[in-house]
K.L.:
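Got a structure for you, questions after.
A note on names: the letters A, B, ... follow the listed sequences, proteins ahead of strands, and every chain is numbered from 1. Computed from a prediction, not measured in an experiment: that's the story for all the values here.
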Amino acid sequence: MLLVSQIIAEKSRFVAGLEKRGIKDAESMLDEVLALDKKRKNTQQELDQNLAEANSISRQIGALMKEGKRDEAEVVKTKTAELRSRNKELAEIKESTQEALKAALYNIPNIPHDSVPKGLTDEDNELVETVGDLPDLPESAVPHWDLIKKHDIIDFDLGIKITGAGFPVYKGKGARFQRALVNFFLDQAAAAGYGEIQPPIVVNEASGYGTGQLPDKEGQMYHITVEDLYLIPTAEVPITNLYRDVIVQEDQLPVKHVGFTPCFRREAGSWGAHVRGLNRLHQFDKVEIVQVRKAEESYDALTEMCEHVAGLLNKLELPYRILRLCSGDLGFTSVLTYDFEVYSGAQKKWLEVSSVSNFETYQANRLKLRYKGADKKTQLLHTLNGSAMALPRIMAAILENNQDAEGIRMPDALVPYTGFDRI
RNA sequence: AGAGGAGUGGCAGAGUGGUCGAAUGCGGUGGUCUUGAAAACCAUUGUACCGCGAGGUACCGGGGGUUCGAAUCCCUCCUCCUCUGCCA
């Protein structure tokens with residue numbers, strides 16, 4: 001969440017940033033925060049003063065009791081009743097004000113980076129770069145949902161039978177293909193200095209709040225109500241929350257982690273005919289990279305992460321393009337996000353396979369993720385993450401782009417992992 | 001899951017109602033000494049909020065309660081340990 005101190009210091013920049021996102025009443029949102037903060041401070045001042053007085057009286061009573069002056073102590077006691085009830089009242093006001101302030105802050109998204117183009121929908125995203133040639137497929141080329149049936153490598157009907165729509169079953173070479181991709185991505189990340197993590201794939205409510213999925217995207221996560229736990233929508237949640245309430249030692253920085261997990265998304269309201277096959281699923285595999293950085297390094301880290309993702313796509317011989325998300329398409333918690341889309345030749349569509357973001361201090365502020373520098377001051381760190389990569393759409397693009405009369409050719413980089421070069 | 005025990009500062013570990021934010025030891029930092037290092041000695045060493053500052057307030061697993069006053073008593077939840085049961 002945003003820092004109140006920064007809202008005070010740079011209110012006009014914050015108003016402009018929120019308006020860029022299309023928020024009409026940005027100024028009044030921030031004014032509400034400021035008013036609540038002021039109220040909280042005033043209440044605390046009075047409360048602290050009263051508590052100091054109450055503490056002082058208690059010490060007096062203690063001293064009198066020690067001296068055996070019981071009667072005098074009893075007299076002093078009578079003075080405290082009023083103070084007590086007032087303090088209880090003030091404590092309640094402070095508590096409720098703090099809750100209101102937090103709720104207000106939870107509902108305000110991050111301020112977009114200056115370089116973020118203004119826009120409303122994904123059509124306004126800025127094309128940064130297109131890399132590779134689009135595949136030149138014959139007329140007979142078919143989309144991946146036909147290929148997987150033909151080669152019997154992924155079965156949606158079986159998934160429907162045992163679970164429901166959007167939970168495919170990977171079989172034989174399809175399963176091996178997916179496992180090969182996971183290992184390839186993990187090895188590539190390890191080589192780039194990311195330490196591997198295998199986190200739990202269910203998280204508690206505090207973790208959901210820490211990275212910002214709650215309360216913003218509550219309806220998008222599977223909620224295990226009997227235990228009040230959530231199935232993760234991305235490994236970002238458990239991995240970044242590893243650092244919740246942590247003051248990192250300076251020599252431990254930068255933090256770089258990679259994790260492979262299944263991801264679960266309800267995708268409520270976003271289903272339709274345009275999301276056939278592997279394009280959108282309720283459960284999918286993803287390898288995620290996460291970095292925790294000092295403020296002054298975080299944009300270099302963002303570039304480094306983008307280069308890592310680009311390197312993966314190059315090795316997989318996939319044509320891709322990089323988009324800078326516009327203000328309207330930018331995630332709630334992000335300052336700057338680059339999306340990577342691969343071209344899937346038979347359905348003739350660009351598919352998002354990675355999203356690389358810098359959250360600056362927005363998550364760190366919720367997480368209380370800080371470090372202590374040489375000057376002994378604790379300060380918030382920046383968090384970043386990116387998919388490297390989301391598996392199903394990569395599979396879809398490889399299947400479609402590499403199809404020929406005999407089957408499907410595996411990219412050279414993957415063959416050591418699959419153990420076969422054709423499906 | 002049942003019975004019992006326990007959760008204190010970076011770690012270890014005192015403290016069972018009154019200057020306790022908390023003894024002591026280890027560790028960390030600064031210094032004295034030393035050619036240098038070790039040892040020894042001295043000092044310092046949590047986080048957050050409020051305040052221009054002096055300073056104040058809160059925090060001893062989380063939450064609630066009793067009391068003028070709670071690390072200390074009560075309730076509740078969580079976690080860990082031991083025993084019993086179950087289980088990949």
K.L.:
Which part of the nucleic acid, if any, lies within contact of A:Q45, taking any heavy atom under 4.0 Å across all strands shown: a base, the sugar-phosphate backbone alone, or nothing?
P.N.:
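Sugar-phosphate only.
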K.L.:
Quick check for you: among B:U47, B:G51, B:C68, whose closest atom lies nearest to any side-chain atom of A:I61?
P.N.:
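Selected nucleotide (nearest to the side chain): B:C68.
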K.L.:
Could you walk me through whether A:E236 and A:Q363 pass side-chain hydrogen bond (donor to acceptor under 3.5 Å, both in side chains), step by step?
P.N.:
CA-CA 11 Å; A:E236 164 198 350; A:Q363 291 182 330; 2.8 Å; yes
K.L.:
What interatomic distance, in whole Å, is found between P of B:G61 and the corresponding atom of B:U72?
P.N.:
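Their P atoms lie roughly 8 Å apart.
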K.L.:
Work out how far the C1' atom of B:G53 is from that of B:U66, and round it to whole angstrom.
P.N.:
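Nearest-Å result for B:G53 against B:U66 at atom C1': 39 Å.
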K.L.:
So, are A:D157 and A:K161 salt-bridged, with charged N and O less than 4.0 Å apart?
P.N.:
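Judged by the 4.0 Å cut-off on N to carboxylate O distance, A:D157 and A:K161 do not form a salt bridge.
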K.L.:
Return the nearest nucleotide to the side chain of A:K77; candidates are B:C49, B:U47, B:C68.
P.N.:
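Selected nucleotide: B:C68.
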K.L.:
To the nearest Å, give me how far apart NZ (A:K88) and C1' (B:U67) are.
P.N.:
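So the two atoms are 13 Å apart, to the nearest Å.
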K.L.:
Would you measure the distance from the C1' atom in B:A6 across to the matching atom in B:A12 and give it in whole Å?
P.N.:
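Rounded to whole Å, the distance is 16 Å.
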K.L.:
Could you verify whether a donor N or O on one side chain and an acceptor N or O on the other, from A:H257 and A:Y243, lie under 3.5 Å apart?
P.N.:
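Short answer, yes.
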K.L.:
Going by purine N1 to pyrimidine N3 plus the second Watson-Crick contact, or the G-U wobble pair, all under 3.5 Å, which nucleotide sits opposite B:A3?
P.N.:
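Pairing partner: B:U82.
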K.L.:
So does A:K149 have more than 12 non-hydrogen atoms from other groups sitting under 6.0 Å from NZ?
P.N.:
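Not more than 12 within 6.0 Å, no.
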K.L.:
How far does the P atom of B:U19 sit from the matching atom of B:A71, given to the nearest Å?
P.N.:
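Comparing P positions in B:U19 and B:A71 gives a spacing of 10 Å.
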K.L.:
Taking the minimum atom-to-atom distance to the side chain of A:L51, which one of B:U57, B:G69, B:C50 wins?
P.N.:
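In terms of side-chain proximity for A:L51, the closest of B:U57, B:G69, B:C50 is B:U57.
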K.L.:
Counting any heavy atom closer than 4.0 Å, what does A:N55 reach on the DNA or RNA strands: base, sugar-phosphate only, or nothing?
P.N.:
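Sugar-phosphate only.
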K.L.:
Select from A:Q49 and A:R84 the residue whose nearest nucleotide in RNA chain B is closer to the 5' end of that strand.
P.N.:
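Nearer the 5' end of the strand: A:Q49.
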K.L.:
Would a 4.5 Å heavy-atom cut-off, applied to side chains only, mark A:E352 and A:F340 as touching?
P.N.:
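Not touching, per the 4.5 Å side-chain cut-off.
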K.L.:
Check every strand shown and say whether A:K372 touches a base, only sugar-phosphate, or nothing at a heavy-atom separation below 4.0 Å.
P.N.:
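Contact class for A:K372: sugar-phosphate only.
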K.L.:
Given the P atoms of B:U67 and B:G62, what is the spacing between them in whole Å?
P.N.:
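Approximately 23 Å lies between the P atom of B:U67 and that of B:G62.
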K.L.:
Output the rounded distance in Å from CG (A:N365) to P (B:A48).
P.N.:
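Whole-Å distance recorded here is 12 Å.
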K.L.:
Counting side-chain heavy atoms from C-beta on, which of B:G56, B:G18, B:C50 comes nearest to A:D48?
P.N.:
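That would be B:G56.
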K.L.:
Hey, does the side chain of A:R59 come within less than 4.0 Å of B:C68's phosphate (OP1/OP2), counting only N and O?
P.N.:
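No.
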K.L.:
Closest to the A:T378 side chain: B:C50, B:G69, B:U47?
P.N.:
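Output: B:U47.
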K.L.:
More 5' along RNA chain B: A:E53 or A:Q44, using each one's nearest nucleotide?
P.N.:
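Per heavy-atom nearest nucleotide, the more 5' residue is A:Q44.
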K.L.:
Quick one: look up who B:G69 pairs with, Watson-Crick or G-U, both distances under 3.5 Å, and put none if it's unpaired.
P.N.:
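With both distances under 3.5 Å required, B:G69 matches none.
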